[in-house]
Chemist: 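Before we start, here is the structure in question, set down as structure tokens.
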Number of protein chains: 2
Amino acid sequence: MVTIYDIAAKAGVSAMTVSRVINNTGKISDKTRAKVRRVMDELNYVPNHMARSLVLQQSNVLFLLITDITNPFYTTLARGAEDAAKKHGFRLLFGNSDESVDKEKDYIDTILATRADGVLVAPAGDLSLPHLETLRKHQVPFVLLDREVPGMDSDVVLGDSKENARKLVEHLTSHGHRRIALINGSPQISSARLRLEGYREALKLNDVLFDEKYVLETAFEPRSDLSEIERWFDRMDSLPTAIVAGNNVLAVEVIRTLHARGIQVPEEMSLVCFDDLGPFSEIDPFLTVIAQQAYQFGYLGTQMLIDRIQERGSADQPWKKVVLPADMIIRRSVATLDEK
Amino acid sequence: MVTIYDIAAKAGVSAMTVSRVINNTGKISDKTRAKVRRVMDELNYVPNHMARSLVLQQSNVLFLLITDITNPFYTTLARGAEDAAKKHGFRLLFGNSDESVDKEKDYIDTILATRADGVLVAPAGDLSLPHLETLRKHQVPFVLLDREVPGMDSDVVLGDSKENARKLVEHLTSHGHRRIALINGSPQISSARLRLEGYREALKLNDVLFDEKYVLETAFEPRSDLSEIERWFDRMDSLPTAIVAGNNVLAVEVIRTLHARGIQVPEEMSLVCFDDLGPFSEIDPFLTVIAQQAYQFGYLGTQMLIDRIQERGSADQPWKKVVLPADMIIRRSVATLDEK
DNA sequence: CTGTTAGCGCTTTCAA
DNA sequence: TTGAAAGCGCTAACAG
């Protein structure tokens, strides 16, 4: 491996001078600089970030921890984070927790051990609290994405889950639906809880009685075992006329289940959900959705994180909470009901 | 920051003993080990991977460079790589080159500077050659994924693009199609070239004359400017009856273009493509595709890479080339033609 | 079973 | 404008 000492020897200068050339610090004569540059090229020198980070006590690395790398909401978010990080000269590394608190724990350990300068986290759920406390204890700045965690104050970028749930439900009631189900993620996740709240409020506002049997709380990621959605349908005596899915992945699961039972959307069942399906929704623009600005979640979150990192030492700013609005994209997965 | 020296001092042992406890090396009395462990917990010690990598001259990090993080083929591949890396105790970091040779270059520099132990690359194209040569020069083991680069021998995991193109075309001819177009990625990419070859061979085998005007070579990622596909349609006097898309992203672009022109699939135009659309294809299982085993690309590639890393020093093995078979999933995007 | 020494590649501080 | 010394946190090699 070529080090600054190899360069120094061959260029007839000290290692310190090489370091100065690399980092453009201090005063160097043009001649020396040129010579050092030439030798660096000849020897194919590549700086060693680890050695550098070790002495500088900072890595210029940001870490993005998402919960589902196959979900276009998160990959689009990742693109936003990538662009923002690059713009500010940070490198961005990704991790994928698969909605698992345990895998998340492993990543937190890795993040700590690799001394990332900051972290963007879409927490797996409320049980992520200890992980966040660990980050806080080690003074690693972080920004929460898409979900909050009770008991932990921090910067956070959110959608307005409650409001959006209300919009979705009212879209359905305005088409004559009264028996509206909610197939939601785990109540251990703040966004799922708020979506349930919004759903209940919207029902009340529209004089529809809340019926517990129309709510299924499962996981935002499909479980591999026999589908809970399957079983939920099995025990349903009278089906709803419409379903709100807590996210895009659940919407797909619902559609599969409906297909398997020969139930047509929207003729026999209306369906709406949170989050669009990514580029592939274009194939058949079919599902009516709340389209959150995934890219902005990543971009803004990263900017907030970098602000926080660079603020180090200056007066502590209060925590920032950014709530990004979302549009409803109306397509054709909702039928209009005539019956009262 | 807590270091092994802090632990050592508080536990009344030397730093070396702490190091041994952390790494489970050497012989340590149970009593000492217990005490060191206790102090580590009390002080919330987190090992510093950078310091460790610096002395060990290895990082236990693998880097996966893909060309499109929003393409489910690559995210599924990433899941496979993740699982394989984890199984062997390596950490996996991702980068996204966006099909850009320049961004790829940046990542290669980062990879070199952070001293990853090995790299999995889906190269942006033939122009990636210098990047691979850089890796080779610095003795960083790498495995190519999904695409080869002329002039560079290495381990590689591929699909059988030629054979699969043939299957796709013959599926169309067997349904009576004779005017079959190919909308393909850049000829700078090996898989695109082979797909074109397979297409031509299949036409010949079925006594269909090759017609240049039915081939469009564009990019595997949609360009932001006015769609080339748009313009290609514009200058077409007699439309084909079927289209083979070089990958899933292009298929989506084709569908959008067709929709905009009010052309129905499959009634007025049949369409098939390479690579499935990920979980979301389930919503409307519509497109007939060659479904490559994306997960296996990542899993096997990672295993090959780790083999290569661990072989260090032992006799050089010849380069391995793994070709993964793919199944055609027949859905309903192909119409049967009666006309001869 | 445990400790001492030296050094991984780099930058900060101080001196020339 | 340049250099020498020290140290970031850790572990290999050797000594006890």
Side-chain angles (χ1 to χ4, degrees), chain A residues 1-37 39-40 43-61 109-117 138-140, chain B residues 1-37 39-40 43-61 109-117 138-139 313:
Chain A
M1 169 172 306
V2 180
T3 72
I4 53 171
Y5 286 94
D6 300 320
I7 312 284
K10 189 154 181 190
V13 298
S14 76
M16 203 45 235
T17 301
V18 178
S19 174
R20 290 198 179 97
V21 171
I22 294 171
N23 297 294
N24 265 310
T25 51
K27 300 280 171 197
I28 307 267
S29 76
D30 287 352
K31 217 176 62 185
T32 312
R33 194 199 324 278
K35 185 160 46 169
V36 171
R37 285 257 163 76
V39 176
M40 280 177 22
L43 264 38
N44 293 307
Y45 172 73
V46 176
N48 187 324
H49 278 343
M50 292 186 311
R52 189 162 198 279
S53 303
L54 191 60
V55 22
L56 257 28
Q57 299 285 56
Q58 60 160 42
S59 60
N60 249 268
V61 165
D109 289 344
T110 298
I111 288 165
L112 252 20
T114 54
R115 304 299 192 264
D117 289 343
H138 289 274
Q139 312 199 53
V140 180
Chain B
M1 170 173 304
V2 181
T3 72
I4 53 172
Y5 286 95
D6 301 319
I7 312 284
K10 190 153 179 189
V13 298
S14 76
M16 202 49 230
T17 301
V18 177
S19 173
R20 289 195 178 99
V21 171
I22 293 170
N23 297 294
N24 266 310
T25 51
K27 300 279 170 200
I28 307 268
S29 77
D30 288 349
K31 217 176 62 183
T32 313
R33 192 197 326 277
K35 185 162 45 171
V36 170
R37 285 257 163 77
V39 176
M40 279 177 21
L43 264 39
N44 294 307
Y45 172 74
V46 177
N48 186 323
H49 278 342
M50 292 185 311
R52 188 163 199 277
S53 303
L54 192 59
V55 22
L56 258 29
Q57 298 285 56
Q58 59 160 43
S59 59
N60 249 269
V61 165
D109 288 344
T110 298
I111 288 165
L112 252 19
T114 53
R115 303 298 192 262
D117 289 343
H138 289 274
Q139 312 201 52

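First the proteins, then the strands, lettered A, B, ... as listed; each starts at 1. The structure displayed is predicted, hence computed values, not measured ones.
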Chemist: Using whole Å, what does the distance between atom C1' of nucleotide C:dC10 and atom CG of A:N60 come to?
Modeler: 15 Å
Chemist: Hey, are the side chains of B:Y45 and B:V18 touching, using non-hydrogen atoms and a 4.5 Å cut-off?
Modeler: no
Chemist: Do B:R115 and A:V46 come close enough that some side-chain heavy atom pair is under 4.5 Å?
Modeler: yes
Chemist: Is it the case that C:dC8 (base atoms only) and A:Y5 (side chain only) share a donor and an acceptor within less than 3.5 Å, ignoring hydrogens and angles?
Modeler: no
Chemist: Give the residues of residues 45-59 of chain B touching DNA chain C, defined as any heavy atom closer than 4.0 Å, sorted by residue number.
Modeler: B:L54, B:V55, B:Q57
Chemist: Counting just side-chain N and O atoms, does A:S14 come under 4.0 Å of either OP1 or OP2 of D:dG3?
Modeler: yes
Chemist: Roughly how many Å is it from NZ in B:K35 to P in C:dC1, rounded to a whole number?
Modeler: 15 Å
Chemist: Quick check: do B:N24 and B:R33 have side-chain heavy atoms less than 4.5 Å from each other?
Modeler: yes
Chemist: Given side chains that start at C-beta, do those of A:T3 and A:N48 come closer than 4.5 Å, heavy atoms only?
Modeler: no
Chemist: Any side-chain heavy atom of A:N44 within less than 4.5 Å of one from A:V2?
Modeler: no
Chemist: What is the separation between atom CG on A:D30 and atom P on D:dT1, rounded to the nearest whole Å?
Modeler: 9 Å
Chemist: Verify, without hydrogens or angle tests, whether B:T114 (side chain) and B:T110 (backbone) share a donor-acceptor contact under 3.5 angstrom.
Modeler: yes
Chemist: Return the nearest nucleotide to the side chain of A:M16; candidates are C:dG3, C:dT11, D:dC10.
Modeler: C:dT11
Chemist: Do A:D117 and A:V61 come within less than 4.5 Å of each other through their side chains, counting heavy atoms only?
Modeler: no
Chemist: Enumerate, atom names and distances included, each donor-acceptor pair closer than 3.5 Å involving a side-chain atom of residues 51-58 of chain A, sequence neighbours excluded.
Modeler:
| from | atom 1 | to | atom 2 | distance (Å) |
| --- | --- | --- | --- | --- |
| A:R52 | NE | A:N23 | OD1 | 3.4 |
| A:R52 | NH2 | A:N23 | OD1 | 2.8 |
| A:S53 | OG | A:H49 | O | 2.7 |

Chemist: Would you kindly give the CG-to-P distance between B:D6 and D:dG9, to the nearest whole Å?
Modeler: 8 Å
Chemist: Using the side-chain contact (heavy atoms from CB on, under 4.5 Å) rule, take A:R20 and A:V36 through it: C-alpha gap first, then chi angles, then the decisive distance, then the call.
Modeler: CA-CA 10 Å; A:R20 290 198 179 97; A:V36 171; over 6 Å; no
Chemist: Any residue in residues 20-28 of chain B with a heavy atom nearer than 4.0 angstrom to DNA chain C? Just list them by number, or reply none.
Modeler: B:R20, B:K27, B:I28
Chemist: Taking the nucleotide of DNA chain C with the nearest heavy atom to each, does B:R115 or B:A15 sit closer to the 5' end?
Modeler: B:A15
Chemist: It should be established whether A:S19 places a side-chain nitrogen or oxygen under 4.0 Å from OP1 or OP2 of nucleotide C:dT11.
Modeler: yes
Chemist: Please confirm whether the shortest side-chain N or O distance from A:T17 to OP1 or OP2 of D:dT2 is below 4.0 Å.
Modeler: no
